[in-house]
Every structure is written in structure tokens, then in C-alpha cells.
Amino acid sequence: MTVRLPDGHRLKCTAGTGAGEALARWKPDEASRFLAAVWNGRAVDLAAPLDRDGELAPLTFEDRAGREILQHSAAHLVAKGIVEAVPEALPTVGPPTEEGFYYDFDVRPLTPVDLEVARSAMDRSVRAREPFVRRELTREEAERIFARNPHKLRYIAETPPDEPISVYETGRFVDLCRGPHVPDTHWLEGVHILGFSAITSEKTEKGPALQRVRGVGFPTAPQLAQFLKARAEAEARDHRTIGQKQDLFFFTEEAPGFPFWLPHGMVLVRELEKFVTEHLDAEHYSEIRTPLLFAQGVYETSGHWEHYRENMFLTELDDRTFGWKPMNCPGAMLIFRSRARSYRELPLRLAEFAPLHRLEASGTLNGLLRVRELVQDDAHIFVTEDQVEAEVVTLLEWVKQAFTTFRLEWSYELSTRPASFLGEAADWDRAEAMLEKVLRASGVRYRVSPGEGAFYGPKIDIHIRDSLGRPWQTGTIQLDFQIPRRFELSYQGADGKLHVPVVVHRTILGTWERFLGVLTEHVGGRWPPWMAPVQVRVLPVTEKHAAAASGLAEELVQEHIRFEVTGTEDSLAKRVRSAELDRVPYVVVLGDREVAEGTVSVRVRGTKEARTLSRAEFLSGVREKIRRREFDP
RNA sequence: GCCGCCAUAGCUCAGUCGGUAGAGCGGCUGAUUUGUAAUCAGCAGGUCGGGAGUUCGAUCCUCUCUGGCGGCUCCA
């Protein structure tokens with residue numbers, strides 16, 4: 001029997017040789033890193049016997065598939081621990097996730113004590129190096145073993161008849177599972193339970209909630225320690241922490257989910273607005289402002305009453321129900337409809353930065369990342385069908401320019417026709433093909449989510465990750481063939497006939513709130529000079545240098561540079577420290593030397609040494625950094 | 001909204017086995033006038049998140065409400 005390996009090596013084995021054994025003969029030095037194998041395209045345990053000629057490759061923790069196998073094995077270990085802690089707990093499923101894994105249990109609400117007990121049981125198992133043993137069973141055997149667990153019985157019933165039923169044993173714990181798994185629990189010394197919560201889903205909505213235990217696994221304890229350290233560091237970058245330190249925003253009990261923007265935070269908002277507005281001007285947008293409240297009928301027309309009513313703030317007026325707008329669409333539609341329109345006006349690009357209100361459930365609020373009042377860099381572009389492509393191309397260029405400025409990496413997600421959709425399938429196909437073509441040409445990574453489009457059209461969502469690797473959806477570009485129809489919008493074409501425009505709903509940064517939340521964490525509070533609430537802090541060495549400081553201050557005012565001049569009550573060292581902690585991009589010290597020479601001593605954020613520059617050099621340097629919106633000072 | 005946890009000074013936190021509280025930072029005042037990450041001293045800040053209950057007595061125990069955190073769900 002011959003086994004072919006990834007480097008082309010051929011290994012002669014007797015039938016029944018284990019996959020792990022074969023791999024160890026191939027690469028004895030690396031064998032300790034192999035946690036599973038791929039045998040003829042299928043992931044298998046290292047213990048799996050090789051029974052014919054074929055191709056064999058190792059899996060390590062560095063492989064995505066290998067990582068998932070370890071996470072899933074970790075989930076089994078957690079299940080073993082929980083069942084020891086709470087014997088009546090019924091395990092359901094325990095898949096790997098992006099970060100780690102979870103395991104859902106049908107059980108009374110868990111307590112922190114349950115987790116402690118489970119943790120010690122898991123530790124014991126890891127120290128005992130219990131092997132994961134695979135067994136294939138008949139349906140009857142399996143049904144007998146899991147007779148007490150209706151969830152597992154359902155999975156058994158759902159297994160296709162031609163697929164074997166397998167279980168994995170870890171010590172005395174047996175779980176229904178396809179596998180594969182790591183060879184033994186020693187591989188799981190870096191497993192950590194992150195927390196638990198009740199989960200509600202369509203399946204469990206009616207019955208009592210399942211309890212989900214989440215965790216993460218690494219092959220070794222030091223790797224886990226490193227992960228936990230990175231997590232602790234992430235907490236220091238939390239936008240809520242930085243927002244408080246830098247006086248950016250706050251929340252109060254009196255208005256849960258509604259941010260208060262403080263002066264420093266408002267500077268950030270205004271800078272973003274300026275940045276976006278420059279683009280809008282260059283691309284011939286027009287800005288509008290429309291009402292915050294509309295009568296119910298408008299939302300019935302748009303379809304939002306049906307789909308979104310429970311998330312709207314409502315109010316009564318003259319026996320009619322009004323809703324605070326959760327998006328800007330109605331205003332733009334009504335402006336378009338307010339008079340006869342010609343094809344010569346298209347594309348008509350209407351931008352609106354209005355406060356939107358969404359009644360988000362209390363449990364979902366999360367700092368600036370999920371709020372009840374928000375502002376989007378929103379616009380509605382009214383086009384003919386053959387203008388759509390050029391608009392989308394321009395938008396993706398703007399996405400590139402914007403996210404490059406912030407040094408954020410982004411990717412796209414194309415969401416296509418959902419099961420229930422409005423309009424003709426052929427129109428959808430054409431629109432989707434067009435979007436995909438534009439995406440392909442952009443050169444940026446994208447993925448397709450079939451069936452995830454809005455009911456009125458396909459869309460491209462923009463995802464960014466912060467510096468800690470967490471993904472966030474920000475902007476979205478949506479094609480809409482339906483709402484214009486529902487609002488009975490039309491323009492007169494060159495042919496003299498009336499046509500319904502297509503609307504491109506688009507927001508690029510998403511909302512100021514969420515974008516600034518992510519950006520705060522991305523930059524760790526070290527704002528690019530052009531955004532920094534305080535761009536320059538001037539530190540006169542002693543009181544006698546105050547006049548020189550005022551002189552510099554006047555020049556800074558003329559340059560429209562945001563600055564502060566400190567008093568001299570505190571020591572210079574303390575004021576430098578304080579400026580550094582406040583992440584001020586430029587700290588200027590003025591003392592005898594500088595006054596005599598007409599220079600400034602500049603300390604650039606993050607550098608230890610001060611540089612001496614003429615005032616003019618300093619001012620023009622800062623001005624240029626700001627003008628070019630450079631990321632670093 | 002669901003599950004768990006949390007709520008003490010502006011901030012970060014300590015504390016009271018039930019006898020109404022303390023530190024550091026910040027703030028204010030004074031002294032110091034300082035050369036690139038913390039000068040010194042003094043002072044003022046708290047019905048211990050709100051309400052109810054148990055108790056001679058509750059910041060501490062119980063219930064409840066509100067808000068926050070971690071998840072779930074959701075984001076048209």
C-alpha cells in the first residue's frame with residue numbers, strides 16, 4: 001500500500017497503519033505538532049487506519065481546519081466538565097467559531113460555581129491525558145446511549161442513512177460526534193472558558209433558553225496566556241475607557257443609548273463631517289435636510305412599517321401616529337417626488353446627515369457601537385439603470401480613499417436575492433452580476449452571502465476590523481428597485497416617456513457613532529493630527545515665557561490649529577507627561593533658549609527627543625500634516 | 001427583550017463577619033517658577049444607584065426598579 005504525502009514523498013505502509021504513525025515516519029521531527037490528518041480529502045483522526053492507496057497530509061493548529069478541530073475538541077472537554085458539574089445537563093451542539101468555540105446545553109441556568117466545578121474537572125482530564133476514542137455504532141446502540149437526551153436523538157434521526165453514526169469517548173464522557181478530534185486531552189491544556197449566557201433562537205424561543213458556554217482553546221498554556229494578555233490590553237483600548245479619559249462622550253441613565261458628545265468628541269464628529277463633505281462636493285452631491293418625524297403612512301409606503309415598526313420610536317399627534325425616522329430614505333423620496341423630474345437631472349445625489357432614532361433593545365446597547373440615536377454619512381442617488389455601474393465604481397473609489405486615510409483594512413460582502421424578494425428575478429440577476437463585476441475590478445477582498453440581500457435589492461456591505469482583529473460592519477451600498485416604485489417616483493426620459501429611477505442607498509463610514517467607536521480603538525486614542533481635539537499643546541517653561549506663548553498662540557489661531565497653552569503651576573516634566581498621556585500630537589516647549597532664538601522645541605507624540613525648529617518651519621510642518629490628513633504626526 | 005455578573009467621591013478602586021466609610025489620581029488653596037513622563041503641603045468632595053422589606057440599627061442581608069458589562073437575539 002502506498003501513501004502519497006504533500007511533498008510528493010511516497011511511503012510504503014501495511015494496511016491498517018494509523019494516519020499519525022505514517023505521518024510520524026514521514027516527518028519525525030514535526031510529528032508532535034500534528035493534531036489530525038487529511039486522508040483523501042477528508043479530515044480524520046491520527047488514529048484512523050489507512051486501508052488503501054491514497055493521499056495523506058497533516059493538520060496542525062496553524063491550519064484553519066486543524067484549529068477548528070482543536071476548538072471542537074475543547075468543546076467536548078467543556079461538555080465533559082459541565083456534565084460532571086451538573087449531571088442533569090443535556091449537551092446539544094458544540095461547534096468552533098471565529099474566535100474559539102461554544103457548547104450549548106439544555107439545563108437549568110448555570111452559575112459561576114458550576115463553571116468552577118467544570119473547570120476543575122477539565123483540568124483533571126487534561127492532566128490525565130485522556131484519549132479521544134472514536135467508535136462507530138448502529139442507530140439502535142446510539143439511541144440507547146443517548147436515550148435521555150432528546151437533542152442527540154434528533155441529530156441521530158437527522159443523520160442520512162448512508163452516514164455512519166459515531167461517538168467519541170473521553171474518559172467516561174461519550175458524545176455523539178462526526179469528529180475528528182485531537183488525539184488526547186493533553187492537547188487541550190490551553191483551553192479557557194470565557195463565559196456563559198442564555199441563548200434565544202427560533203428553535204428555543206418557545207421553550208426554555210439553552211445555556212451557552214463559550215471558550216477558546218490553544219495547544220499550550222503559554223499560547224493561552226498570550227491570548228489572555230492581548231485581551232487585557234484590548235480592554236485598555238476600549239473606546240468607552242478612552243472616551244472618558246479624553247472627554248469625548250458619555251451616557252447617562254436619563255437617556256440610555258443616547259450619546260452626549262462633549263467638546264472634544266464633537267471635534268472628531270466635525271472633522272469626519274468635513275472629510276466626507278469634501279468628497280460630496282467633489283462628486284456633485286447636494287445636501288438636504290428633511291423632517292425627523294413622518295406620519296405612519298410614509299413608513300407604510302416604504303415598507304418599513306411592516307418590517308421595522310417595533311424598532312421605531314412613535315409619537316401621537318392630532319390622532320395620527322408619527323414615527324421618528326430610523327433612516328433617511330423617506331425624506332429623499334419625498335424631495336424627489338416634490339416636482340417633475342427630467343433624465344437630465346440624473347444622477348441626482350442627495351446627501352443628508354440627520355439624527356436617526358432606532359429603538360434598539362436594552363440588552364443590545366454597547367457604548368458608541370450600538371446606540372439609539374445616530375447620524376449616518378448617508379446619501380440617496382437617483383439614477384437610470386445604466387448609470388448604476390458608474391456610480392458604484394465611484395463609491396468604491398471613495399471607500400478606498402476613506403479607509404486608506406484611516407489605515408483601516410476593509411473587505412466587501414455582496415448580499416444577493418433573498419428568498420422573499422420584490423420585483424423580477426431577471427432584474428436581480430443583472431444587478432447582482434453588475435455589482436460583482438465592480439467588486440472584482442476593485443481588487444479588494446469580497447465574499448458573497450447568497451440570500452442575504454434586502455427585500456428591495458442586492459447590496460454591498462463594507463466590513464472593517466479594528467486593530468484587535470474584531471470585525472465590524474460600517475457602510476453599505478444598496479441598490480433599490482422597489483421603494484422608488486412604491487413612492488411612485490418617475491422622471492421623464494429622452495424618449496418622452498416616464499420612467500422609474502433606481503435608487504442607490506449608500507453610507508460609507510456608516511454612522512459617526514460606530515465609526516468613531518471603532519476608530520478610537522483602532523488608533524488607541526492617538527488621533528491623526530487632523531482629527532486630534534487638541535493638535536498642539538504649548539508649554540511655557542516659566543511664567544516669564546507666557547508672553548512668548550501668547551505670541552505663538554496668535555499664530556496658531558491664524559493657522560486654524562487647535563491648541564492649548566498650559567499654566568506654569570506644575571513642573572514642566574509633569575506637563576509633558578500629562579500631554580503625552582492625553583495623546584496630544586505636538587507638544588511645544590518655550591523657554592529662554594527658544595525665546596532668544598525665535599524657535600520652538602517640539603516633541604512629537606510617541607518620540608522621546610525634542611526637535612528645535614523655527615516657528616515658521618513648525619507651523620508649516622503641522623499645517624501640511626493636517627492638510628494632507630496624514631495618519632501620524 | 002433573555003441569561004449571568006456588576007453599581008462606594010469627578011475617575012480607578014479599597015472597606016464595613018450589620019453599628020452611616022477610606023486611598024491614589026483629579027479639583028480647589030498656598031508655597032515653589034520649574035528644560036521634556038508625576039515638586040511639596042493643606043482643604044473640599046459621598047443620604048455607599050432608586051424604592052421597599054427584615055432588624056434596635058442596613059452601604060452590607062432579601063425583594064424590586066433603573067443603569068452598565070459579557071454573551072444571545074437583532075441591525076430594515
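Quick note: numbers below take in every heavy atom, side chains included, and nothing from hydrogens, waters or symmetry partners. So that the names make sense, note that chain A is the first sequence line, chain B the second, and so on, each numbered from 1.
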Interatomic distance, F218(A) atom CZ to H192(A) atom NE2 [nearest 0.5 angstrom]:
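Reported value, rounded in 0.5 Å steps: 10.5 Å.
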
With a 4.0 Å cut-off on heavy atoms, is [X] in touch with a base, just the backbone sugar-phosphate, or nothing at all?
X       : result
Y102(A) : nothing
G195(A) : nothing
G453(A) : nothing
H304(A) : base
R214(A) : sugar-phosphate
A610(A) : base

Rounded distance in Å between the [atom1] positions of [N] and [M]:
N      : M      : atom1 : value
C74(B) : A52(B) : P     : 40 Å
C5(B)  : G10(B) : P     : 28 Å
C3(B)  : C63(B) : P     : 15 Å
C17(B) : C43(B) : P     : 28 Å
G57(B) : G18(B) : P     : 16 Å
U8(B)  : U20(B) : C1'   : 12 Å
A37(B) : G67(B) : P     : 45 Å
C69(B) : U32(B) : P     : 47 Å

Run the numbers on R108(A) and D114(A) for salt bridge (charged side-chain N to carboxylate O under 4.0 Å, His left out), then give the verdict.
CA-CA 11 Å; R108(A) 60 155 168 84; D114(A) 296 331; 2.8 Å; yes

Could you pick out which residue, V589(A) or R212(A), lies toward the 5' side of RNA chain B when each is mapped onto its nearest nucleotide?
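The residue mapped nearer the 5' terminus is V589(A).
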
By nearest heavy atom, map A454(A) and V587(A) onto RNA chain B; which one lands nearer the 5' end?
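Residue closer to the 5' terminus by nearest nucleotide: V587(A).
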
Rounded to whole angstrom units, what separation is found between the [atom1] atom of [X] and the [atom2] atom of [N]?
X       : N      : atom1 : atom2 : answer
F196(A) : G70(B) : CZ    : P     : 15 Å
Q478(A) : C75(B) : CD    : P     : 12 Å
F251(A) : C69(B) : CZ    : P     : 8 Å
L581(A) : C11(B) : CG    : P     : 19 Å
R537(A) : A37(B) : CZ    : C1'   : 13 Å
E594(A) : U36(B) : CD    : P     : 11 Å
D570(A) : A41(B) : CG    : C1'   : 14 Å
Q244(A) : G10(B) : CD    : C1'   : 9 Å

Taking atom types as modelled, is there a side-chain donor on K325(A) or T290(A) under 3.5 Å from an acceptor on the other?
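Distance-only check passes for K325(A) and T290(A).
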
Are side-chain N/O atoms of H239(A) and E521(A) paired as donor and acceptor at under 3.5 Å?
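There is such a pair (donor and acceptor under 3.5 Å, judged by atom type) between the side chains of H239(A) and E521(A).
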
Side chain of [X] - closest among [options]:
X       : options                : value
P256(A) : U36(B), G67(B), C74(B) : G67(B)
N311(A) : G70(B), G35(B), C74(B) : C74(B)
A198(A) : A38(B), C74(B), G71(B) : G71(B)
V541(A) : G68(B), G35(B), C72(B) : G35(B)
E580(A) : C2(B), U36(B), A37(B)  : A37(B)
K608(A) : A37(B), G1(B), G70(B)  : A37(B)
P326(A) : G35(B), A76(B), A37(B) : A76(B)
S571(A) : U66(B), C72(B), U39(B) : U39(B)
E360(A) : G68(B), C74(B), U33(B) : C74(B)
E253(A) : G68(B), U73(B), U66(B) : U66(B)

Test W512(A) against F353(A) for ring pair (Phe, Tyr, Trp, His ring centres under 6.0 Å), laying out the working first.
CA-CA 10 Å; W512(A) 301 150; F353(A) 303 159; 5.5 Å; yes

Would you please confirm or rule out a distance under 4.0 Å between OP1 or OP2 of [N] and any side-chain N or O of [X]?
X       : N      : result
R108(A) : G4(B)  : no
T568(A) : U33(B) : no
K574(A) : G35(B) : no
Q211(A) : C72(B) : no
R240(A) : C69(B) : yes

Check this for me: does any side-chain nitrogen of one of [X] and [Y] sit under 4.0 Å from a carboxylate oxygen of the other?
X       : Y       : value
E360(A) : R370(A) : yes
R212(A) : D104(A) : yes
D582(A) : R537(A) : yes

Looking at the angle O4'-C1'-N9-C4 for a purine or O4'-C1'-N1-C2 for a pyrimidine, is G45(B) syn or anti, with syn meaning within 90° of 0?
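Syn, since the glycosidic angle lies within 90° of 0.
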
Could you check which nucleotide pairs with [N] in any of the strands shown, counting Watson-Crick or G-U wobble with both distances under 3.5 Å?
N      : value
U29(B) : A41(B)
G1(B)  : C72(B)
C13(B) : G22(B)
U62(B) : A52(B)
U34(B) : none

Ignoring hydrogens and geometry beyond distance, is the side chain of R370(A) in donor-acceptor contact with the base of C74(B) at under 3.5 Å?
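Result: at least one qualifying N/O pair found.
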
Please confirm whether any donor atom in the side chain of R309(A) sits under 3.5 Å from an acceptor in the base of A76(B), or the reverse.
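Not at all, since no donor on one side and acceptor on the other fall under 3.5 Å apart.
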
Looking at R526(A), R605(A), R603(A), which hits salt bridge (Lys or Arg N to Asp or Glu O under 4.0 Å) with E580(A)?
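Running salt bridge (Lys or Arg N to Asp or Glu O under 4.0 Å) over R526(A), R605(A), R603(A) with E580(A) returns exactly one hit, R603(A).
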
Describe, in one word, how the ring planes of F260(A) and F250(A) are oriented to each other, choosing from parallel (under 30°), tilted (30 to 60°) and perpendicular (over 60°).
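F260(A) and F250(A): parallel rings.
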
